[in-house]
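A quick write-up on the structure given underneath.
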Amino acid sequence: MSKPQPGRGPEDPESATRAENPEEELSTDDRRISLRVKVPAVDGTAVVEMTGPAVPENGLQVFGDWVLAALEQHADGAAEAARLMIAALRERDWEGDDVLADQFDALLGSGAMPDLRPLQVDLDELAGILEGDPMYGGGCVDLATGEVWPAPAVDYAREIGQEDEDESDDPDKWLWVHCEGSRDGYRDMELFIGTVRDLGRADRLEIAISGRGAFRRFKDVLARWPGELDRWYAFSAERQRGRARAWLADAGYYVRKGLPPS
């Protein structure tokens, strides 16, 4: 079945850009990782030139998926990139970093392959239903396609008769996801404040996260400094992505990016 998408907005502009311009580049003044990655494109299979830092700030989880895809395809430079990623992930040791590092180790032949099944799932979408509003959070993942269904979309599909309630409870077809709330997100704000070098800004942010409405006030204060706000979005997304990867591993699955589901 196809997911009902009432009120769906325009496609992600970054995704559209990637489809129109399949060559992506991540540049840095630090050491570089260069590799060629084959990824699905609208008009077939595109070959993407990836150039990125050995240890991108707040980007190990995201960049790691591209390196995984390259490693599975035996792309030039992929093994070296993977070794750099393993070292960086082990050193940082955020939640989910060990899962990704173990997957690299297994593909390099330096570790045992985790007893997990592949699933082509979008970790950002999974994180969204894991850590969304408890009133509307949660949902499920289609085990055949990796498609993420938020709870309201599941309810809507049942209402219009597109999804049978008995089938939607089939554990062989769906992986159900329960919302875990905002506790981890609040901890992310605390950790991020510890990375802010300007003590005056850090103090203002500490005050902002006190009491109800902490998330809104935190972003309102950060909006005064666009650079810090951008850094927060990258930091938060990276940590959420790692938690989603760890959750998926606990459920018995690992992510395969850019490859058709088995």
Side-chain angles (χ1 to χ4, degrees), residues 7-18 24-30 52-66 85 88-89 91-97 99-100 122-139 148 150-152 177 179-248 255:
R8 182 183 179 188
E11 292 185 359
D12 175 9
E14 291 186 1
S15 297
T17 299
R18 284 194 293 267
E24 296 182 355
E25 181 172 309
L26 301 176
S27 61
T28 177
D29 292 332
D30 300 327
V55 187
E57 182 183 21
N58 299 330
L60 293 177
Q61 285 283 332
V62 175
F63 194 66
D65 278 333
W66 289 107
M85 293 296 297
L89 289 162
E91 180 178 359
R92 188 176 71 172
D93 197 28
W94 286 358
E95 187 172 1
D97 285 352
V99 177
L100 184 53
D122 186 311
L123 285 177
D124 295 322
E125 291 185 2
L126 177 59
I129 62 174
L130 271 172
E131 303 188 26
D133 186 331
M135 289 188 63
Y136 307 103
V148 177
V177 185
C179 182
E180 300 187 349
S182 60
R183 181 177 58 184
D184 287 329
Y186 186 86
R187 177 58 177 156
D188 289 347
M189 290 192 298
E190 293 179 318
L191 292 173
F192 179 81
I193 291 171
T195 71
V196 176
R197 296 181 179 180
D198 186 298
L199 296 182
R201 293 180 180 182
D203 287 343
R204 291 186 184 185
L205 291 170
E206 285 281 5
I207 295 170
I209 65 172
S210 300
R212 299 186 62 179
F215 287 91
R216 176 183 55 79
R217 286 195 307 274
F218 179 77
K219 290 181 181 179
D220 286 346
V221 173
L222 269 181
R224 303 175 187 178
W225 314 298
E228 292 284 23
L229 182 62
D230 289 344
R231 197 168 67 85
W232 157 250
Y233 282 132
F235 178 89
S236 175
E238 178 79 354
R239 289 186 62 81
Q240 288 182 13
R241 192 179 183 87
R243 287 193 292 268
R245 194 186 301 275
W247 183 91
L248 199 65
V255 178

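Applying the side-chain contact (heavy atoms from CB on, under 4.5 Å) test to D220 and every residue at least two apart in sequence or in another chain returns R216. Scanning for side chain to side chain donor-acceptor pair (under 3.5 Å) contacts around R239 gives D188, with sequence neighbours left out. With sequence neighbours excluded, the residues that form a side chain to side chain donor-acceptor pair (under 3.5 Å) with Q240 are S236. In this view, A237 satisfies the side-chain contact (heavy atoms from CB on, under 4.5 Å) rule with no residue, not counting sequence neighbours.
At a threshold of 4.5 Å between non-hydrogen side-chain atoms, the residues V148 and V177 do not count as touching. Within the 4.5 Å cutoff, the side chain of D65 has no heavy atoms near those of the Q61 side chain.
Legend: ring pair (Phe, Tyr, Trp, His ring centres under 6.0 Å) pairs involving residues 183-216, not counting sequence neighbours, sorted by first then second residue: F192-W232, F192-F235.
When all heavy atoms of L89 and D97 are compared, the pair lying nearest together is CD2-OD1, 3.5 Å. Closest approach of N58 and R92 over heavy atoms only: CA-NH1, 4.4 Å. Contact between G132 and C179 at its shortest, heavy atoms only, is O-SG, 3.1 Å.
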Can you give each donor-acceptor pair under 3.5 Å made by side-chain atoms of residues 198-212, sequence neighbours left out, with the distance rounded to 0.1 Å?
unit_1, atom_1, unit_2, atom_2, d
D198, OD1, G200, N, 2.9
D198, OD1, R201, N, 2.9
S210, OG, E206, O, 3.3

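In this structure, the separation between CG on L100 and CZ on R245 is 4.5 Å, given to the nearest 0.5 Å. The line from CG of L229 to CG of L222 is 5.5 Å long, rounded to the nearest 0.5 Å. Note that CE of M189 is 11.5 Å distant from CG of D184, once rounded to the nearest 0.5 Å.
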Are R241 and E238 close enough, and set up right, to give a salt bridge (charged side-chain N to carboxylate O under 4.0 Å, His left out), and what steps lead you there? CA-CA 5 Å; R241 192 179 183 87; E238 178 79 354; 5.8 Å; no
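Summarising the local packing, CZ of R224 is surrounded by more than 12 heavy atoms from other residues, nucleotides or ligands at distances under 6.0 Å. Counting heavy-atom neighbours within 6.0 Å of E91 CD, excluding the residue itself, gives a total of 12 or less.
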